[in-house]
**Q** 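Sharing a structure, written as structure tokens. Questions coming.
Note that this is a predicted model, so its numbers are computed, not measured.
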Amino acid sequence: MDAEARVVMSTARLVIRTAQLADAEILYRLWRDPRVMRNVGFPKGLDISREEIEDSIVTQNAGSEYGKYLMAQIRAGGPTIGECKMVLPDEAGISRTDVKLCPEYWGHKYGVEIKQALVDYLFSHTDCLAVEGTPNVNNIASIKMQEAVGAVRVGEETYHFPESRAEKTSPVHH
């Protein structure tokens, strides 16, 4: 791990740390992979360059772990397996999280481990009252991950991207 990375939290198998420039490549592969991105409205993957990813890593707020890219890495210098994010609670005390794993690490309960760590962190470090999840109704694995950390279904909606992005996106029923 580079000196500029900061460990935010850890689990039994993973370290969750801030993103560093070297992570741009894994973020690029992850976000451009249709298998990862189709359930969040990008059926062909996200149309983004490595340079755009590098710029977003560089411009993130260095002092806070909220709202920035966090990387999930197997302990003891193992591979980086995905990314996650958490945001500060809004005025109603509701926070949001996101977890994306490289497909080769699906099916090993890493997502549940990451999601639980994020939820625990939010409840112990902020005034969070609830964590909202918006898994695609067709993404059974994400729904099971949410439920494994205590989530309950309270409703459904469909998110429509702005018209300017409609050509490369699809609505997300969550």
Side-chain angles (χ1 to χ4, degrees), residues 5-20 23 27 30-31 36-43 45-48 52-53 55-73 81-101 106 109-166 168-174:
R6 180 174 64 86
V7 173
V8 176
M9 64 192 84
S10 58
T11 70
R13 300 182 292 170
L14 303 168
V15 170
I16 310 298
R17 60 171 176 76
T18 56
Q20 32 193 341
D23 294 314
L27 290 170
L30 190 67
W31 293 345
V36 174
M37 299 302 289
R38 72 173 166 250
N39 285 311
V40 294
F42 298 93
L46 185 61
D47 185 18
I48 192 168
E52 289 171 300
I53 294 169
D55 288 346
S56 66
I57 291 170
V58 168
T59 59
Q60 293 186 106
N61 177 357
S64 173
E65 59 272 28
Y66 303 102
K68 66 172 32 176
Y69 309 123
L70 301 174
M71 307 306 295
Q73 182 176 353
I81 64 168
E83 62 100 359
C84 56
K85 194 178 229 183
M86 61 183 170
V87 297
L88 284 169
D90 63 17
E91 60 281 345
I94 300 171
S95 185
R96 289 162 191 76
T97 63
D98 183 54
V99 177
K100 289 182 181 64
L101 295 176
W106 292 354
K109 303 284 186 203
Y110 287 121
V112 172
E113 198 168 324
I114 295 164
K115 179 76 175 190
Q116 187 67 64
L118 295 172
V119 169
D120 291 348
Y121 192 90
L122 285 163
F123 281 114
S124 64
H125 290 81
T126 72
D127 59 355
C128 184
L129 300 175
V131 177
E132 179 180 68
T134 56
N136 186 313
V137 296
N138 297 313
N139 190 345
I140 303 304
S142 182
I143 292 169
K144 286 182 178 184
M145 176 186 70
Q146 307 285 338
E147 291 171 343
V149 301
V152 294
R153 185 183 302 230
V154 295
E156 292 184 18
E157 295 179 5
T158 300
Y159 177 78
H160 296 274
F161 286 88
E163 195 62 38
S164 62
R165 298 186 83 184
K168 295 180 180 185
T169 61
S170 61
V172 181
H173 184 192
H174 60 87

**Q** Do the side chain of W31 and the main chain of M37 share a donor and acceptor less than 3.5 angstrom apart?
**A**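 No: the side chain of W31 does not pair with the backbone of M37.
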
**Q** Working to the nearest 0.5 angstrom, can you tell me the gap between H160 NE2 and S170 OG?
**A** 10.5 Å

**Q** Output all residues satisfying salt bridge (charged side-chain N to carboxylate O under 4.0 Å, His left out) with K109, sequence neighbours left out; order by chain, then residue number.
**A**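 K109 satisfies salt bridge (charged side-chain N to carboxylate O under 4.0 Å, His left out) with no other residue.
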
**Q** Could I get the full list of ring-ring contact (aromatic ring centres under 6.0 Å, His included) partners for F161, not counting sequence neighbours?
**A**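 So F161 forms a ring-ring contact (aromatic ring centres under 6.0 Å, His included) with F42, Y159.
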
**Q** For L14 versus E113, what's the shortest heavy-atom pair and its separation?
**A**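 Heavy-atom minimum between the residues: N-OE2, 3.7 Å.
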
**Q** Could you tell me which non-hydrogen atom of V99 sits nearest to which non-hydrogen atom of G111, and how far apart they are?
**A**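 Looking at all heavy atoms of both residues, the shortest contact is CG1-CA, 4.3 Å.
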
**Q** For residues C128 and L122, report the shortest heavy-atom separation together with the two atoms involved.
**A** CB-O, 3.6 Å

**Q** How long is the span from the CG atom in L27 to the CD atom in E52, to the nearest 0.5 Å?
**A**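 So the gap between those two atoms works out to 13.0 Å.
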
**Q** Mind checking ring-ring contact (aromatic ring centres under 6.0 Å, His included) for H173 and listing every partner two or more places apart, or none if nothing turns up?
**A** none

**Q** Excluding sequence neighbours, so at least two apart, what forms salt bridge (charged side-chain N to carboxylate O under 4.0 Å, His left out) with E132?
**A**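 Residues passing salt bridge (charged side-chain N to carboxylate O under 4.0 Å, His left out) with E132: R96.
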
**Q** What I'd like to find out is whether the side chain of Y121 reaches to under 4.5 Å of the side chain of V8, using heavy atoms alone.
**A**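 Touching, per the 4.5 Å side-chain cut-off.
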
**Q** For the residue pair I53 and Y69, establish whether any side-chain heavy-atom pair is separated by less than 4.5 Å.
**A**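 Not touching, per the 4.5 Å side-chain cut-off.
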
**Q** Taking the side chain as every heavy atom from C-beta outward, state whether V131 and V149 have any atom pair closer than 4.5 Å.
**A** no

**Q** V172 versus T158: any side-chain heavy-atom pair under 4.5 Å?
**A** no

**Q** Rounded to the nearest 0.5 Å, how far apart are CD of E83 and CG of L30?
**A**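 E83 atom CD to L30 atom CG measures 6.0 Å (nearest 0.5 Å).
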
**Q** Out of curiosity, M86 CE to M9 CE, how far, rounded to the nearest 0.5 Å?
**A** 3.5 Å

**Q** Sequence neighbours excluded, which residues qualify as salt bridge (charged side-chain N to carboxylate O under 4.0 Å, His left out) partners of K100?
**A**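 For K100 the salt bridge (charged side-chain N to carboxylate O under 4.0 Å, His left out) partners, ignoring immediate neighbours, are D98.
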
**Q** Which value, rounded to the nearest 0.5 Å, describes the distance between C84 atom SG and I114 atom CD1?
**A**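 It is 5.5 Å, given to the nearest 0.5 Å.
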
**Q** I need the minimum non-hydrogen distance between Q60 and A19, along with the two atoms involved.
**A**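 It is NE2-CB, 4.3 Å.
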
**Q** Name all pairs fulfilling the side-chain hydrogen bond (donor to acceptor under 3.5 Å, both in side chains) condition that reach into residues 140-153, sequence neighbours left out, sorted by first residue then second.
**A**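 For residues 140-153, and leaving out neighbouring residues, the side-chain hydrogen bond (donor to acceptor under 3.5 Å, both in side chains) pairs sorted by first residue read K115-Q146, R153-E156.
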
**Q** Taking atom CG of L70 and atom OG1 of T18, what is their separation to the nearest 0.5 Å?
**A** 7.5 Å

**Q** Compare all side-chain heavy atoms of M71 with those of Q20 and state whether any distance is below 4.5 angstrom.
**A** no

